[in-house]
Visitor: 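Below is a structure I'd like to ask you about.
Numbering starts at 1 and runs along the sequence shown. Atoms considered below: every heavy atom in the structure, side chains included; atoms not considered: hydrogens, waters and symmetry mates. Just so we're clear, the structure is a prediction, and the values are computed from it rather than from any experiment.
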Amino acid sequence: MENGNYFWNSGLFCFKSGKFLEELEKQEPEVYLASKVAWEANKSGFLDYELSLNIPSISIDYAVMERSKDIKVVPTHFDWSDLGSFESVYDYLVLRDHPIDANRNIVIGTSKHTTFIGVKNCILIYTADALMVLQKENSQEVKQVYQQLESIASPLL
């Protein structure tokens, strides 16, 4: 690390779709075939829910990028936040003057009057289907909620 002769994977990938599909078919043929079946049955660009459930869940990094022999790295320098957690979304919104209360609680997704009592650094996320309240520092635990919803085949996913 002290030498500085390394690159950080930002998770940003650029590729021609044909090349990516060629690599996906080579590296993860089951993912490729299930994806192809789902895509070929699309209706106006929307995938069939049941067919899409047949696509194995695997990250693009592991499925293709870490295994391909035809990858190039492009070094660059820029500010970056992938907004990969509600904590980073919170920080992003606060920097852009999204309203927070005196105890640094924030509401996302609604303009309904919301009051926080006795809690600090909480995030309330509102959608038409669900409501979630979490302590900012525990935002990574949302993955457990996702896994729970996935295990019961929740329509929220």
Visitor: Where is the tightest heavy-atom contact between A41 and L51, given as atom of each residue plus distance?
Guide: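 The answer is CB-CD1, 3.5 Å.
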Visitor: Heavy-atom count check: over 12 atoms from other residues, nucleotides or ligands less than 6.0 Å from F46 CZ?
Guide: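 Check fails, neighbour count at 12 or below.
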Visitor: Side-chain contact test, heavy atoms from C-beta onward, threshold under 4.5 Å: evaluate it for V119 versus N103 and give yes or no.
Guide: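 Heavy-atom side-chain distance check fails, nothing below 4.5 Å.
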Visitor: Would you kindly confirm whether L33 and V37 end up in one hydrophobic cluster when ILVMFWY residues are joined by side chain heavy atoms under 4.5 Å apart?
Guide: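 The answer is no; the residues belong to distinct hydrophobic clusters.
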Visitor: Can you get from L149 to V142 by hopping between Ile, Leu, Val, Met, Phe, Trp and Tyr side chains that sit under 4.5 Å apart?
Guide: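 L149 and V142: separate clusters.
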Visitor: Quick one: closest heavy-atom pair of F86 and I123, and the distance?
Guide: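 Result for this residue pair: O-CD1, 3.6 Å.
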Visitor: Is there a donor-acceptor pair closer than 3.5 Å between any side-chain N or O of S154 and the backbone N or O of E150?
Guide: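 Checking the backbone N and O of E150 against the side chain of S154, no donor-acceptor pair under 3.5 Å is found.
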Visitor: Kindly indicate whether the side chain of I100, heavy atoms from C-beta on, has any atom under 4.5 Å from the side chain of V94.
Guide: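 Contact flag for I100/V94 side chains = yes.
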Visitor: Inspect the contact between D70 and K19 and indicate whether a charged nitrogen and a carboxylate oxygen are less than 4.0 angstrom apart.
Guide: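 Salt bridge flag = yes for D70 with K19.
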Visitor: Examine I55 and M65 and state if one hydrophobic cluster contains both, with Ile, Leu, Val, Met, Phe, Trp and Tyr joined whenever side-chain heavy atoms are less than 4.5 Å apart.
Guide: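 Both belong to a single hydrophobic cluster.
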Visitor: With side chain to side chain contact (heavy atoms under 4.5 Å, CB included) as the criterion, how do Y90 and R104 come out once you've worked through the C-alpha distance, each side chain's angles and the decisive distance to 0.1 Å?
Guide: CA-CA 10 Å; Y90 174 101; R104 303 198 51 83; 3.2 Å; yes
Visitor: Answer whether the closest heavy-atom distance between the side chains of F15 and V64 falls below 4.5 Å.
Guide: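 Result no, sub-4.5 Å side-chain heavy-atom pair not found.
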Visitor: Indicate yes or no: at least one non-hydrogen side-chain atom of D101 is less than 4.5 angstrom from one of F116.
Guide: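 Result yes, sub-4.5 Å side-chain heavy-atom pair found.
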Visitor: If you take all heavy atoms of C122 and N105, which pair is closest and at what distance?
Guide: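 It is N-OD1, 2.7 Å.
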Visitor: Do E141 and L134 come close enough that some side-chain heavy atom pair is under 4.5 Å?
Guide: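 They are not in side-chain contact.
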Visitor: Which atom pair, heavy atoms only, marks the closest approach of I106 to P99?
Guide: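 It is CG1-O, 3.6 Å.
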Visitor: Is the CZ atom of F13 crowded by more than 12 outside heavy atoms at less than 6.0 Å?
Guide: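 More than 12 heavy atoms, drawn from other residues, nucleotides or ligands, come within 6.0 Å of this atom.
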Visitor: If the threshold is 4.0 Å, N to carboxylate O, is there a salt bridge linking E40 and K36?
Guide: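 Yes, E40 and K36 are salt-bridged.
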Visitor: Determine, stepwise, if the pair D91 / K136 fulfils salt bridge (charged side-chain N to carboxylate O under 4.0 Å, His left out).
Guide: CA-CA 10 Å; D91 294 339; K136 181 180 110 166; 3.3 Å; yes
Visitor: In terms of hydrophobic clustering (I, L, V, M, F, W, Y; side-chain heavy atoms under 4.5 Å; direct or indirect links), are I58 and L47 co-clustered?
Guide: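 No; L47 is not reachable from I58 via cluster members.
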Visitor: Enter the distance from Y32:OH to E22:CD here, rounded to the nearest 0.5 Å.
Guide: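 Answer for the OH-CD pair, Y32 versus E22, is 10.0 Å.
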Visitor: Quick one: CD on E66 to CD1 on I60, what's the gap to the nearest 0.5 Å?
Guide: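 Here the rounded value is 11.0 Å.
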Visitor: For K112, does its backbone N or O pair with a side-chain atom of T114 as donor and acceptor, under 3.5 Å?
Guide: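 Yes, because the side chain of T114 sits within donor-acceptor range (under 3.5 Å) of the backbone of K112.
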Visitor: Decide salt bridge (charged side-chain N to carboxylate O under 4.0 Å, His left out) for E28 and R67; before the verdict, give the C-alpha distance in whole Å, the side-chain angles of both, and the deciding distance to 0.1 Å.
Guide: CA-CA 10 Å; E28 287 289 333; R67 300 189 203 159; 2.8 Å; yes
Visitor: Please find the pair of heavy atoms, one from S85 and one from Q140, that lie closest to each other, and give the distance.
Guide: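 Nearest heavy atoms, S85 then Q140: CB-NE2, 3.2 Å.
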Visitor: How long is the gap from CG on N54 to CD on E30, to the nearest 0.5 Å?
Guide: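 Going from the CG atom of N54 to the CD atom of E30 covers 9.5 Å.
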Visitor: So N42 and W39, do their side chains get closer than 4.5 Å, heavy atoms only?
Guide: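 Yes, their side chains come closer than 4.5 Å.
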Visitor: Mind checking the CD1-OG1 spacing from I125 to T110? Nearest 0.5 Å is all I need.
Guide: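 It is 12.5 Å, given to the nearest 0.5 Å.
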Visitor: With rounding to the nearest 0.5 Å, note down the distance linking SG in C14 to NZ in K72.
Guide: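 These two atoms lie 14.0 Å from each other.
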Visitor: Counting C-beta onward and ignoring hydrogens, is there a side-chain heavy-atom pair between H113 and T115 closer than 4.5 Å?
Guide: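 Side chain of H113 against side chain of T115, heavy atoms only: contact under 4.5 Å found.
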Visitor: In this structure, would F20 and I71 fall into the same cluster of hydrophobic residues linked by side-chain contacts under 4.5 Å?
Guide: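 Linked, F20 and I71 end up in one cluster.
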Visitor: Give me the atom names and distance for the closest heavy-atom approach of E87 to E137.
Guide: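 Looking at all heavy atoms of both residues, the closest pair is OE1-CA, 4.3 Å.
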Visitor: How long is the straight-line distance from CG of L156 back to CE of M132, given to the nearest 0.5 Å?
Guide: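 Taking CE in M132 and CG in L156, the distance rounds to 11.0 Å.
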Visitor: Quick check: are there more than 12 heavy atoms from other residues, nucleotides or ligands sitting under 6.0 Å from CD of Q135?
Guide: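 Counting other residues, nucleotides and ligands, CD of Q135 exceeds 12 neighbours.
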